[in-house]
There are 2 protein chains.
Amino acid sequence: MGWEDVREEVLRRIRARDWPPGEVIPGEEALAAEFGVARATVNRALRELAEAGLLERRRKAGTRVALLPVRKATLDISIIRQEVEARGESYAHRVLAQRMEGISLAAAVRMGVPAGASMLFLETLHLAGGRPFAHEVRWLNPDVLPGRVVPDFGAVSANEWLVQNVAYATGDIAFSAEAATAAEAAALGIAAGDPVFVTERVTWTAEAPITFVRLLHGPGYRLRTMV
Amino acid sequence: MGWEDVREEVLRRIRARDWPPGEVIPGEEALAAEFGVARATVNRALRELAEAGLLERRRKAGTRVALLPVRKATLDISIIRQEVEARGESYAHRVLAQRMEGISLAAAVRMGVPAGASMLFLETLHLAGGRPFAHEVRWLNPDVLPGRVVPDFGAVSANEWLVQNVAYATGDIAFSAEAATAAEAAALGIAAGDPVFVTERVTWTAEAPITFVRLLHGPGYRLRTMV
DNA sequence: TACCATTTGTGCGTATGTATG
DNA sequence: CCATACATACGCACAAATGGT
């Protein structure tokens with residue numbers, strides 16, 4: 001009787017409505033006694049279910065079945081190369097533009113820096129099987145580059161280079177659907193106005209913002225949760 | 001010195017590249033001795049970092065800093081009413097269609113049932129502040145309804161009703177960008193061909209599929225991760 | 001291949017901390 | 001202020017996986 005068994009049994013009771021939504025379930029001590037395990041084992045099982053949003057736990061108040069469980073879907077945000085190769089296609093990328101430039105207002109707002117601040121601007125096209133897969137526009141804080149030396153992003157994509165060479169960071173991600181502009185459409189080989197799947201990501205360290213990326217995927221792209 | 005302190009210190013060392021990507025870090029025992037805590041405490045900290053994708057752990061092989069950390073972004077999938085009310089807007093919904101019908105091929109494939117199987121078809125418009133917020137098309141397995149009695153989905157949306165009245169389930173979610181069809185555009189009050197943010201969700205119990213939902217959000221909708 | 005040593009994974013019993021009804 | 005229930009920690013033990021001999 002491990003903690004996973006306890007988790008499954010508790011989950012079964014929730015699903016079977018032995019313990020209906022909103023109801024307080026027996027305490028850790030009681031469950032430990034019932035299942036013949038240590039309290040720590042029950043704790044581990046209940047903690048997992050609480051993290052998944054199925055239980056709500058509060059000291060002294062006890063543990064209750066969530067009334068409106070907020071499902072937590074987890075997305076695996078991998079490097080584009082990995083994503084492409086996982087599909088069994090060959091990956092390549094082309095740097096379309098690379099220059100120092102005053103940051104755009106929209107990007108400045110998201111990165112939390114003054115508009116017009118001098119940043120490295122990068123425009124990249126990612127290819128899968130030789131065909132356009134994603135179009136990337138990136139603003140990169142040059143301060144995070146060791147010695148402010150710009151690496152060769154033609155060899156390794158900025159995405160990958162940052163992951164491997166700059167500090168691990170926290171970030172924010174947002175997804176939306178937009179209509180492709182003429183320029184974006186041209187890069188992706190689709191028609192202007194076609195719907196594109198947009199991923200916007202901001203990453204930063206404790207001290208400074210690192211980068212803001214806007215990634216466009218053409219029609220047919222699906223982002224799936226890994227359950 | 002709690003497990004969170006250990007986690008932060010280990011994270012700091014990873015970020016500072018004291019332990020570069022790919023490198024094996026000291027074992028639990030050694031870290032426990034260094035930090036003056038029990039091994040279980042170190043274990044808890046390292047386990048969390050491994051779940052976050054920053055460490056890779058294997059028995060006997062030890063713990064190493066991930067070479068290509070796969071960031072795990074978590075999305076809170078709440079019911080639409082909550083989402084709307086969280087924006088400070090009033091929620092309402094209208095059932096546009098409700099009938100028993102042979103399931104469409106596309107939906108049958110996703111639900112894993114024979115095409116043409118008799119399912120409850122539901123079309124709903126969700127309103128935020130009186131304006132169209134999302135358009136929902138749903139196929140619902142009537143077997144999951146207690147006594148096969150169809151509830152009044154005009155009073156409580158199917159989404160919410162299912163969460164509260166049917167077994168908790170596992171599911172699969174996918175997001176994409178598509179062009180609105182004429183009918184969808186009319187329902188959402190946008191132009192045909194406008195990009196829409198599409199969420200498709202399948203849920204099932206251990207025994208049977210429950211429902212397949214296709215949810216369309218009009219322009220301006222953003223799905224954000226909760227980091 | 002067979003075995004051994006190592007490292008993480010999990011469990012128990014106990015104790016104390018902490019939020020809170 | 002107290003009693004309660006969860007949160008965390010310790011030390012020990014054994015299981016399971018697996019790299020190496």
Side-chain angles (χ1 to χ4, degrees), chain A residues 1-14 18-70 72 74 226, chain B residues 1-14 18-70 72 74 168:
Chain A
M1 193 76 175
W3 69 270
E4 288 183 297
D5 300 305
V6 174
R7 184 192 59 191
E8 290 317 305
E9 173 57 16
V10 170
L11 185 56
R12 192 194 62 73
R13 293 185 187 181
I14 295 172
D18 294 345
W19 296 331
E23 184 150 308
V24 176
I25 74 173
E28 294 185 350
E29 203 105 42
L31 290 176
E34 183 195 338
F35 295 134
V37 300
R39 198 168 78 83
T41 306
V42 172
N43 182 282
R44 172 89 188 258
L46 298 187
R47 181 158 41 83
E48 288 251 328
L49 289 169
E51 277 166 13
L54 286 153
L55 292 176
E56 285 167 4
R57 320 192 71 195
R58 280 194 354 262
R59 286 170 158 121
K60 162 75 181 171
T63 301
R64 60 183 59 226
V65 181
L67 263 180
L68 296 176
V70 177
K72 314 251 191 242
T74 63
M226 310 288 170
Chain B
M1 193 76 175
W3 69 268
E4 288 182 294
D5 300 305
V6 174
R7 184 191 58 191
E8 291 317 305
E9 173 56 16
V10 170
L11 186 56
R12 190 194 63 73
R13 293 185 187 181
I14 294 173
D18 294 345
W19 296 332
E23 182 148 312
V24 176
I25 74 173
E28 295 187 348
E29 205 103 42
L31 290 176
E34 182 195 339
F35 294 134
V37 300
R39 191 169 76 89
T41 306
V42 173
N43 182 282
R44 171 89 188 259
L46 297 187
R47 183 156 41 81
E48 289 249 329
L49 289 169
E51 278 166 12
L54 286 154
L55 292 176
E56 285 167 4
R57 321 193 70 198
R58 277 192 358 260
R59 285 172 160 122
K60 165 73 182 173
T63 301
R64 58 183 60 228
V65 180
L67 262 180
L68 297 176
V70 177
K72 314 259 191 230
T74 65
Y168 290 86

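Just so it is clear: chains get the letters A, B, ... in the order the sequence lines come, proteins before strands, and each one is counted from 1. Given the structure is predicted, the values throughout are model-derived calculations rather than measurements.
Note on the helix from C:dA2-D:dT21 to C:dG21-D:dC2: terminal axis deviation equals 10°, with five pairs used at each end and the result rounded to 10°.
Distances shown here put every side-chain N or O of A:T41 at or beyond 4.0 Å from the OP1 or OP2 atom of C:dT10. Contact annotation: A:N43 side-chain N/O to D:dT8 OP1/OP2 distance is not under 4.0 Å. Contact check, A:R47 against D:dA7: no side-chain N or O comes under 4.0 Å of OP1 or OP2. A:T63 has a side-chain polar atom (N or O) that falls below the 4.0 Å cut-off from OP1 or OP2 of D:dC6.
In this structure, B:V65 and B:L55 have side chains that are in contact, with non-hydrogen atoms separated by less than 4.5 Å.
For B:R59 against C:dT7, a side-chain-to-base donor-acceptor contact under 3.5 Å is absent. Side-chain to base pairing of A:R44 with C:dG9: no donor and acceptor N or O lie closer than 3.5 Å to each other.
Between the side chain of B:R64 and the backbone N or O of B:G22, at least one donor-acceptor pair lies under 3.5 Å.
Atom-to-atom, CD of A:E28 to C1' of D:dT8 comes out at 11 Å; the value is rounded to the nearest Å. Going from atom CD of A:E51 over to atom P of D:dA7 covers 10 Å, rounded to whole Å. Straight-line distance from the NZ atom of B:K60 to the P atom of C:dT8: 11 Å, rounded to whole Å. Between B:R58 atom CZ and C:dG9 atom P there is a gap of 11 Å when expressed in whole angstrom units.
For the atom pair CD of B:E8 and CG of B:L49, the computed distance is 8.0 Å after rounding to the nearest 0.5 Å.
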